[in-house]
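Worksheet: the structure to be examined is printed underneath.
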Amino acid sequence: MKAVNTPVRKKDAMALVTGKPVYTDDIAPKDCLVLKILRSPHAHALVKEVKKDAALKVPGVEYVFTHEDVPGTRFTIAGQTFPELSPYDRLILDQRVRFVGDAVAIVAGKDEASVNKAMKLIKVTYEVLEPVLDFTRSKDNRVIIHPESDWSIPVGLEPDKDRNVVCHGIEERGNAEEELAKCSYVVDETYHTKANQQAMMETFRAYTHIDVNGRLNVVSSTQVPFHVRKTLATALEIPKSQIRIVKPRIGGGFGAKQTVVCEMYPAFVSWKTKRPAKIVYTREESQIAASPRHEMQVRVRAGADENGKIQAMIVETLSNAGAYGEHTPTTIGLTGAKTLPLYTSNAKAYKFEFEGVYTNTQAAGAYRGYGATQGTFAVESAVSQLAEKMNIDPIRFREMNMVREGDIMHAYHGETANACALDRCLERAKQMIGWDSKYPCRDMGNGKVRSVGVAMTMQGSSIQQVDVASVSIKTGDDGFYNMQIGATDMGTGCDTILAQMAADCLHTEVDNIVVSGVDTDVSPYDSGSYASSTTYLTGQATIKTCETLKKKIIEAGAQMIGCSSEDAEFNGREVFVPGTDQKVSLKDVANAAMCGSVHTLEACEKSTSPVSPPPFMAATVEIEIDKETGHIELIDYCAAVDCGTVINTNLARVQAEGGIAQGIGMALYEDVVHSKAGKCYTDSFLQYKIPSRLDTGKIRVEFESSYEPTGPFGAKSIGEVVINTPSPAIAHAVYNGTGLRFRELPITGEKIVMGLKELEKDTGK
């Protein structure tokens, strides 16, 4: 390998640092209609009347559309492969609004100033209804959030909309309740994780127009171009053949753009008026009407015998879907599927029960980690508490119970851990932090204490037997390669990583691989960039495509030489017959193909996978706590990651560092806060705190590679697993330093100070 496992610079690096116009709003023409959404001030209401005459008299304002103007077919905005597990419960505009910020009307005009003025002149009469804001009280509430008769779901997990239930399910092996009753040591705790915003730099946005053939063209900042096409076809009641999606450079997604948050508004306007239109969400809109992480309540019961071996574990998850159900049935499943396998391969029993419910709050969606993050906080916190209860070092306790290579992960679809370096990751993280000399804490003698914590996690690599990836490569007339992919580069560098794989397969340089972004008219089909699928699944498709193309190059070269293709070989520069002087250059072969002398040098292959091999990660953290103010300073965060073969060492490292920083934000800072009436107070970065680089301390990442036999060059995924450990590791360190166990995030200085005061009161110290 010359390119794989090296720090190749990202293909779009120079365009980004030199400020080239590469994003959606850069591409939109200056004369297109500007759209804004008039939003509901009520958490639950019926729109009885919209008076728009005054707004339409504002110079520059062209249209005001309400629920009376849009198609009546319900759809889901979850970017998932059909048939979705998410309910079809949305309209472009609905008479019933279900959260503060829900769309009431679309206002279109020549410029933003005129549209903003018109928005203030629209008068809406509402019939205000009682909302359901507490997700623990939603099930069987007398208020039904989706009473409509045309609610549907392609594949349902025991939904019951009349009880506000989006999904429910149970998975178990053995009798977990019975085995828990036999255990010498048991913990039973409930954990609460709040909603979190992805807070990507580029907000939601899309530009649409009708081309000369009457087709709807959509330029969108999305992770799922092909799913956007499907969603818009359903919402607009038009064939997919009438829609083309183009994905330019994305300014961050982190899962938020796996949801079709805004594309239906300009698409509807362009389709109806035949005029170009664009929508660009403000930061406020991206905070109040987007797709944040699901708020969840996770109860964990875990038991071990007198020798410290975990015998049974039960995870029960309640998830707040919000006003609409997209992604709820799928995110909730990962709270168990990506946590229980870490400890139950050799346990006698486990049980996982989940339920997702509607509320009149902002609908939740996909966010990096996708449910595993919430589940990991709960399960890892419970495991640390169980170790403390048994007076066993928490790292040693994990070593005694963790999944190891060759184990069958019963709670993870029965897959075998064919590539698992979790034991080496945990040992590496332990050594990096200097665990033995620092655990559990050290009094610094100045009102401050330093303490350490630990956590480990797993994720997946694509969705097995569901996700599809395709790659097309053709040889140019100069002997270079055009590579078309359907996967979306959202800043992760997948264009570069896939080019590295193709370069090694075709025995050429990375710069010789020209990668094109996604255009649904010409790109091969891909499920999209989510579920940690690109490196693993699209990488597989890349290798298959290269092998097919190499075979065609050899056949064409052999034809030109006048020999059998079985006697010829290809070294990246020429087709030749070993042991002879018979050869022809790739450039000559490519030119011959362009002239029709030999067959076309183009290949396209797809890949799916029956398995989803998990990457693993272990992390340790050292923090300093000021007991007077409660302030937490991150001294050192040490992570060891097993993502199989590392394809690009630089990109893998920054992926890990970025995910850890986001996890730190979830643990210590980020908190979506609502009023008693359901209004989101944290609607800007002044109110919604995300950590800066100064807040995250020292982050160190090392790799303990395994070799995944089903992965390209032995690779697995890395994008999501890296966000899961900060919350439980930091919570563990806080306990070791203060004696306070936090089961709700974020852990703030105020909570620590108040907790210490209560602790002093209880202990009399």
Side-chain angles (χ1 to χ4, degrees), residues 40 42-47 74-78 80 84-91 94-103 126-170 190 192-195 259 288-299 316-336 352-366 371 374 672 674-680:
S40 169
H42 305 292
H44 198 191
L46 294 176
V47 177
R74 294 197 179 272
F75 57 94
T76 176
I77 62 173
Q80 298 173 324
E84 300 97 339
L85 275 71
S86 297
Y88 283 35
D89 55 9
R90 281 186 181 262
L91 295 173
D94 201 336
Q95 183 179 16
R96 181 182 294 265
V97 288
R98 296 177 173 85
F99 69 96
V100 177
D102 208 352
Y126 295 96
E127 179 186 337
V128 180
L129 306 173
E130 182 183 351
V132 180
L133 300 174
D134 184 346
F135 76 120
T136 65
R137 299 180 180 179
S138 176
K139 181 179 176 180
D140 294 325
N141 196 294
R142 61 188 179 84
V143 176
I144 300 174
I145 295 170
H146 282 274
E148 63 269 16
S149 60
D150 55 349
W151 186 101
S152 65
I153 186 167
V155 179
L157 298 176
E158 301 180 26
D160 191 341
K161 71 177 184 65
D162 295 328
R163 303 176 67 200
N164 291 331
V165 174
V166 180
C167 60
H168 173 265
I170 299 176
T190 300
H192 180 207
T193 58
K194 304 281 194 70
T259 302
I288 69 168
S291 57
R293 189 188 296 284
H294 289 75
E295 178 185 21
M296 291 189 185
Q297 179 176 283
V298 184
R299 182 186 179 191
E316 298 166 317
T317 303
L318 177 67
S319 179
N320 182 6
Y324 302 95
E326 52 261 11
H327 292 286
T328 295
T330 42
T331 52
I332 198 171
L334 271 62
T335 61
F352 174 44
E353 184 170 6
F354 60 85
E355 194 158 56
V357 294
Y358 283 120
T359 63
N360 291 114
T361 59
Q362 178 181 186
Q374 298 96 311
V672 174
H674 293 92
S675 71
K676 292 182 179 179
K679 176 179 171 58
C680 179

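In this text, all values refer to a predicted model and were calculated from it rather than measured experimentally.
- Summarising the geometry, atom CZ belonging to Arg96 is positioned 12.0 Å from atom CG belonging to Leu91; distances are rounded to the nearest 0.5 Å.
- Among residues two or more places apart in sequence or in another chain, the salt bridge (charged side-chain N to carboxylate O under 4.0 Å, His left out) test is passed with Asp160 by none.
- Note on Arg142 versus Glu130: salt bridge recorded, some NZ/NE/NH1/NH2 to OD/OE distance being below 4.0 Å.
- By the 30° and 60° cut-offs, the orientation of the rings of Phe99 relative to Tyr324 is perpendicular.
- The closest side-chain donor-acceptor pair between Thr330 and Gln80 falls under 3.5 angstrom.
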message = One pair to check against side chain to side chain contact (heavy atoms under 4.5 Å, CB included): Cys167 and Leu85. What are the steps and the verdict?
response = CA-CA 9 Å; Cys167 60; Leu85 275 71; over 6 Å; no
Exercise for review: Evaluate the criterion side chain to side chain contact (heavy atoms under 4.5 Å, CB included) for residue pair Glu316 and Gln297; output intermediate values, then yes/no.
Suggested key: CA-CA 8 Å; Glu316 298 166 317; Gln297 179 176 283; over 6 Å; no
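- With no hydrogens or angles considered, no side-chain donor-acceptor pair links Asp102 and Ser40 at under 3.5 Å.
- Atom CG of Asp94 is separated from atom CZ of Arg98 by 4.5 Å, given to the nearest 0.5 angstrom.
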*asked:* Would Ile144 and Asn164 count as a side chain to side chain contact (heavy atoms under 4.5 Å, CB included) here? Give the steps.
replied: CA-CA 6 Å; Ile144 300 174; Asn164 291 331; 4.2 Å; yes
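- Side chains of Leu318 and Thr136 form a contact here, defined as non-hydrogen atoms less than 4.5 Å apart.
- A side-chain N or O of Thr259 and one of His327 form a donor-acceptor pair less than 3.5 Å apart.
- Side chains of Glu326 and Ser291: no donor on one and acceptor on the other come within 3.5 Å.
- With sequence neighbours left out, Phe75 forms a ring-ring contact (aromatic ring centres under 6.0 Å, His included) with no residue at all.
- Nearest heavy-atom pair across Thr335 and Gly371 is CG2-O, 3.1 Å.
- One distance of note links NE2 of His674 with CG of Asp134; it measures 12.5 Å at 0.5 Å rounding.
- Atom CZ of Arg293 is separated from atom OG1 of Thr193 by 8.0 Å, given to the nearest 0.5 angstrom.
- Across all their heavy atoms, Pro131 and Ala43 have their closest contact at CB-CB, 3.8 Å.
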**OP:** With side chain to side chain contact (heavy atoms under 4.5 Å, CB included) as the test, would you mind laying out the steps for Val47 and Val97 before giving the verdict?
**Re:** CA-CA 7 Å; Val47 177; Val97 288; 4.3 Å; yes
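- Note: Leu46 CG to Tyr126 OH = 11.5 Å, rounded to the nearest 0.5 Å.
- A donor-acceptor distance shorter than 3.5 angstrom exists from the side chain of Lys161 to the backbone of Glu148, with no hydrogens or angles considered.
- Distance check, rounded to the nearest 0.5 Å: OG1 of Thr331 to CZ of Phe354 gives 10.0 Å.
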